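Every number for a ligand or one of its atoms is a count from 1 in the order of the listing. From a predicted model like this one, the values you see are computed outputs, not experimental measurements.
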Amino acid sequence: MPLLLLILVLLVASPAAAQRLPVTAIPEHYDLWFAPDLKTDTFRGRETIRVRVPKPTRSITLHAAEITFKDVRITTGSQGQPASVALDEKTETATLTVPDEIAAGPASIDITYTGVLNDKLRGFYLSKATGRKYAVSQMEATDARRAFPSFDEPALKATFAITLMVDEGDTAISNGAQVSDTPGPEPGKHTVVFARTKPMSTYLVALVVGDFVCRGTTAEGVPLRVCSTPDKKDLTGFALEAAAQQLKFYNAYYGVAYPFGKLDIIGIPDFAAGAMENTGAITFREKYLLADPERASLDTKKSVAAVMSHEIAHQWFGDIVTMKWWDDIWLNEGFATWMANKPLAEWKPDWNVELDEVEETQTALALDALRATRAIRTNADTPEEINELFDPIAYEKSAGVLRMLENFVGKDAFRRAVASYIEKYAYGNAAAEDFWNEVTRVTGKPVDRILASYVDQPGVPVLRVAAACQGSSTIVKLHQERFSGDPKAPAPPAMPWTIPVCFKAFPDAPASCYVISKSEETLTVPGCAAGAYVNAGSVGYFFTEYSPDDVRALARKARGTLTPSERVGLLGDEWWMVRSGRHDVGVFFDLAGALATDSTAAVTTGIATRVAYAGEYLVPAAEHTKFQQWVRRRFEPVLTQLGVPGSGTDELEQERRAALLDLVGVWGASPDVQQRARELAAGYIRDASSLPGTLVASVLDVAAYGGDATLYDQYLARLDRLASEPEEYYRFFNALPYFDEPELVTRTLQFAISPKVRTQDTGTLLAGLLARPWSRNQAWTFIKEQWPHLTARLGTFQGIPTIVQATSNFCTAEAAADVRQFFAEHPAPSAERSIAQAIEKITACAAVAERQSRPLSKWLTEP
Ligand SMILES: [Zn+2]
C-alpha cells in the first residue's frame, strides 16, 4: 500500500479502531467454570486465562460487559499479585492493573466474578418454556464478554476447558465431549466437565443448561445428537437424519475429517438468530430444527435441512478456519450459504435446490440494486456495526459470487482449492486475499482478479447485450456498468467488474464462458443464433439487459430452450429492468403471461411475488379491477386445473398450488378461491389431516384475508395450544397479518407486544403488518408510539433491524420523509445501514410507480 494511502486509511480508521483491544496479552487457554442460578437469574464464574505477555507491562486489557468482578490475580512464574480493575463501559473492556511489572512471557489471570442471565438473548441468557427456565448462550458476534472476561476478538484463538455446575436433574452441554459428571460439590447440584477444545475463537463458546433430552446416533464415528425440550423430542428425527448425511458429505468434500470429537445440536425456545455454529454444539431456533415427520411442509423440511447444512458447513468454514476480523464475515457466511446446498442436492435430488440458489442470488441482487448497499468486505468496529454485517451481502451475495467462481473454474478444481485453503489455515485465521490467492494458485485461473472486483466494490453490474448471427458465429456486444434500481437516480460510476460470463447461443450448444473486464467488449461465440442467453445456468452475479424484443423472443421459446433456473433468472432480470425504468412494465407482464402455465414452482413464485408488487404499487386505482381480472384470467384456470387441495403427492406441485392460491385469492380477489380457502381452513381446524402440509400456510393466509372476528378467534385459540409444535404454531401466527379488518389489525398489534409472543417473534409479526397494504399505516403509527417499549423489549441483533427493514414497504415521498425523520429522532445504532436502505427503497418505489403506472394502465387496457 502506498504510504500516503496508508496514512489516510489510518486517519480514517483510528476513532473506530479504538474499539479493538490493545495488545497487552495474547490468550492461549481458558479454564472456565460456571454455576448458573435459575432462581435468581444470575451466574457465578471462575476462570484462569493462560496468556503470553509480549512486553513488560503493569496492565492487561480484556473485554467484559455486565460482569461484576470479585477477585482478580495475575501470576507470572511463582509470583502472584492482586490486580485492580478499571471498567470502561463504552468499549466494554476491563483493564487489570498490578503493583509490580509483569515480565514478558507466560502469565496467568485468575478471575472470580458474577454475571446476569439476561432476557436479551445474548451472552449467557435465560430462555423460558414448558413452565421453567433454561440457561443458554449466544456469543456471536461480541457477547462472549457478557459470559466471561475474555479477549473477545476472532483472531485471538485459544483452547477452552469448560466446567458447569448445574441443578440435579438438569443436562449441561458445551463444546467439548463430556469427560465426567459428578454429584455436588454444592447441595442439589452436579458438576459436568467437558473435554478441552481445539483452538477456537471466543464467539464459538456454547453453554446450554436445562432439562434437554436428546436423540442420538453415530455418523462417521462421531457421536451425533439432536436435543430439545422434553415435549418436542418426537420432532427431532428429521434433523438427526439430515445431520448424519451432511457430516458424511462434508468429511468427503473437505478432505479434512470433522475434528471436534462429538456434535450436539440443540433447539432453544428463545433464540435471536436462526442458528449458531458453536464448535461441536450447534444451537438452533426451534422452528428451524423441529419437523413433524408426517405433516411438515416441504418448505419446513427444506429449511431444517438447509440451516443444518449451513451450520455444519461452518464447522470447517468459520470454526476450523476463521476470518481475521469481522470485515471478512463473508468468508464464514457466504461460504456456509454456498456450501449448504451441496449435501441437499445429493440427499434430495427431487427438491431442485438449484432453483433455491437462483432465488438466493435474487435476494442479494435486490439489496445490491441500492446505492446504500455495501461491499462484501466492509469496515466494522463497534458491536453495532459488526452486527449489521450479517446481511444478504454477507450471506446470499457472497454465496452467489462463489457459485459463479465454482462454475467458472470447475467443481472439482474448486473443491481441491477449498480443501487446500482449509488445510493451510486450520485452527488459525484468514482474510479474503488468503482465500483468493489459494484458489488462484490451485486452479491456475484468474480468481484473484474476479474476487477483488467483487469483494471490495459495492453494487452489481448490469450487462447490456446485443447479439447477432454472422456466418457460423454469433457476435455478442456487451456493455457493463453499475446497476441502479431507481429510475430517477443512476448508479455512481464504478470500476468495471471482472466477470466470468457463460453464453448459451442456441438450445443444444454447450455454454461457452469468457472473462470480461472492460466496460465495452465484443465476443465471437461459436454457433449462429439470433439471440443469446447470457447467464447460462443463472450462476452469474450480474443483471442482464436484453432489448424488449429479445425478451419477448426469449419468452416465446423459454420453455423449450431455457432450463428452469434460467427461466427463474430471466424473470428476475426482466423485473429489475422494469424497476430501473429501462423497460416498460408490459414487457415483464408479457413474460409473466407466457410463463403462466410453467410447471416449475419457482417460476410461479417468481411471477406471483412480482405481480403482487405491481398490483399494490403500480396499478392506478382506476385500473384495479382490470388488473384483478387479468390475474384471474391468466392464473385461475391454472389453479382450477391443478385443483385445491388436489390429489397429487408431488410436494413441488403443492408449492406451486400454494403460490397460485395466494396470487388468485388475494391479488386476483377471486371470490371462489377465497370461499374455497375458508372452507378448507375450517376443515383443517377441525381435522389437521385434511390438508397436505405444504398447502396449509397458504390456505390459512387466504382464508384470513377478509376473514372475520370469529375466524380470528379460532386462529388465536389454536396458537394457545401449539407451544410444543413450532411449525403448526407459525402457520397460524404468520397468517395473522392477513386479517385486514382494522379492529383485527389492532388486535394483532396488541398481541405482538403482549407476553404471549416471544421476544424473538415480535419483530417478525410487526414486520408482517408493515408488509401488508391494509395494515401498514396502522402498524407504523403503533410502532412509533410504542418505540421506547419496543427498543427496551427487543434485542439489537434481530428485532429492531427487522422492523426497520419492513418500513421499506412504504412507497411515497411523504412516507420516506416520515421514516427519515423518525429515525433521525430515534437512532437505531444496529440498523443504521438498514435505515438508509429502507429510505432508498421507499424513494425508488415511488419513482417506479411514477414511471410505470401509465405504461401498466395502457398495457391493461389494450387487448
Ligand atoms: Zn452462518
For Lys248, does the NZ atom have more than 12 heavy-atom neighbours from other residues, nucleotides or ligands under 6.0 Å away?
->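 No.
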Crowding at OH, Tyr288 (>12 non-hydrogen neighbours, <6.0 Å) =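 No, OH of Tyr288 has 12 or fewer neighbouring heavy atoms, counting only those of other groups under 6.0 Å.
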Consider only side-chain N and O atoms of Thr762 and Thr759, and report whether a donor and an acceptor are under 3.5 Å apart.
->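 No, Thr759 and Thr762 have no side-chain donor paired with an acceptor closer than 3.5 Å.
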So, does Glu655 use its side chain to make a donor-acceptor pair with the main chain of Ala601 at under 3.5 Å?
->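 Here the side-chain-to-backbone pair does not exist.
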Pick out which of Phe414, Tyr541, Phe317, Trp330 makes a ring pair (Phe, Tyr, Trp, His ring centres under 6.0 Å) with Trp338.
->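 Option passing the ring pair (Phe, Tyr, Trp, His ring centres under 6.0 Å) with Trp338: Phe414.
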Arg20 to Trp325, cation-pi by 6.0 Å centre distance and 45° axis angle |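 Satisfied, under 6.0 Å and within 45°.
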Provide the protein N, O or S atoms situated under 2.8 Å from the Zn ion (ligand 1); waters are not included.
->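 As for protein N, O or S atoms lying under 2.8 Å from the Zn ion (ligand 1), they are His310 NE2, His314 NE2, Glu333 OE1.
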